[in-house]
S.K.: 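My questions will all concern the structure given below.
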Amino acid sequence: MNYWLVKSEPESYSWDDLQSKGEDIWDGIRNYQARNYLKEMRVGDQVLFYHSGKAKEIVGVAKVSMEAFPDPNDKEQKDWMAVKLVPSKSLPKPLNLEQIKSDDLLSGMILLKQSRLSVMPLEKPQFEHIIKITS
DNA sequence: GCCAACGTTGGC
DNA sequence: GCCAACGTTGGC
């Protein structure tokens, strides 16, 4: 079991969008590092959903329901990949960026170091800690 | 292979 | 709206 965090601007694709779909494709990733992480995802892996932009908070947990396959919108044929996600639960108390920064266990998160990366791995203790403090 | 110019993302 | 941090592109 691996743990991940994905980012999205809620104006273009929000947690609510994923919830209303039930299962949806996670595509459009055009960054090699993020793409490589997508390839490492396995069915059942846990995925935190972060809203960037105005919201800046972790709002939900999803699970990987389909492993990496070629992004259907990859017009350049550059080996871009997509996965599928299923929402599993909304966080009763979303965790905002400020809280993440000030939390000793979370201050090492890639989210804070590589602000532009949209798919990143997470340590198990970090994931469990986040679930605990947001429930 | 280096580097300047440019575009994008995301926080402030 | 601005700027920092990156990634990409193209000239040399």
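Note on naming: letters A, B, ... go to the chains in the order of the sequence lines (proteins, then strands), and numbering restarts at 1 for each one. FYI, side chains are in, hydrogens and waters are out, and symmetry mates aren't considered; it's all heavy atoms of this structure.
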S.K.: Is it true that, when you exclude A:K89 itself, more than 12 heavy atoms of the residues, nucleotides or ligands shown sit nearer than 6.0 Å to its NZ?
M.R.: yes
S.K.: Output the rounded distance in Å from CD1 (A:I110) to P (B:dT9).
M.R.: 20 Å
S.K.: Could you tell me whether the phosphate oxygens of B:dT9, OP1 or OP2, come under 4.0 Å of any side-chain nitrogen or oxygen in A:Y50?
M.R.: no
S.K.: Nearest to the side chain of A:Y32 - C:dT8, C:dG7, B:dC12?
M.R.: C:dT8
S.K.: Membership question, hydrophobic clusters at under 4.5 Å side-chain separation (ILVMFWY): are A:L112 and A:L106 in the same one?
M.R.: yes
S.K.: What integer distance in Å separates A:N96:CG from B:dC12:P?
M.R.: 10 Å
S.K.: Does A:D79 pair with A:K39 as a salt bridge, N-O distance under 4.0 Å?
M.R.: yes
S.K.: Just compare C:dG7, B:dG11, B:dG10 and give me whichever is closest to any side-chain atom of A:K7.
M.R.: B:dG10
S.K.: Distance check needed: C:dG7 C1' versus A:N31 CG, whole Å only.
M.R.: 8 Å
S.K.: Nearest-Å distance, NZ (A:K113) to C1' (B:dG11)?
M.R.: 18 Å
S.K.: Measure CG/A:L111 against C1'/C:dA5 and give the value in whole Å, please.
M.R.: 14 Å
S.K.: Grab the CD1-C1' distance between A:I29 and B:dT9 for me, whole Å please.
M.R.: 12 Å
S.K.: A:L97 near the nucleic acid: base, sugar-phosphate alone, or nothing, with a heavy-atom cut-off under 4.0 Å?
M.R.: sugar-phosphate
S.K.: For the backbone of A:L95 and the side chain of A:E57, can you confirm whether one donor and one acceptor N or O come within less than 3.5 Å of each other?
M.R.: no
S.K.: Rounding to a whole Å, what distance do you find between A:E11:CD and B:dG11:P?
M.R.: 12 Å
S.K.: Taking the minimum atom-to-atom distance to the side chain of A:E9, which one of B:dG11, B:dG10, C:dG7 wins?
M.R.: B:dG10
S.K.: When the distance from CD1 of A:I58 to P of B:dG11 is rounded to whole Å, what number comes out?
M.R.: 12 Å
S.K.: Please check if A:W80 and A:L117 belong to a single hydrophobic cluster, counting links between Ile, Leu, Val, Met, Phe, Trp and Tyr side chain heavy atoms closer than 4.5 Å.
M.R.: no
S.K.: Between C:dG7, B:dG10, B:dC12, spot the one nearest the side chain of A:K101, thanks.
M.R.: B:dC12
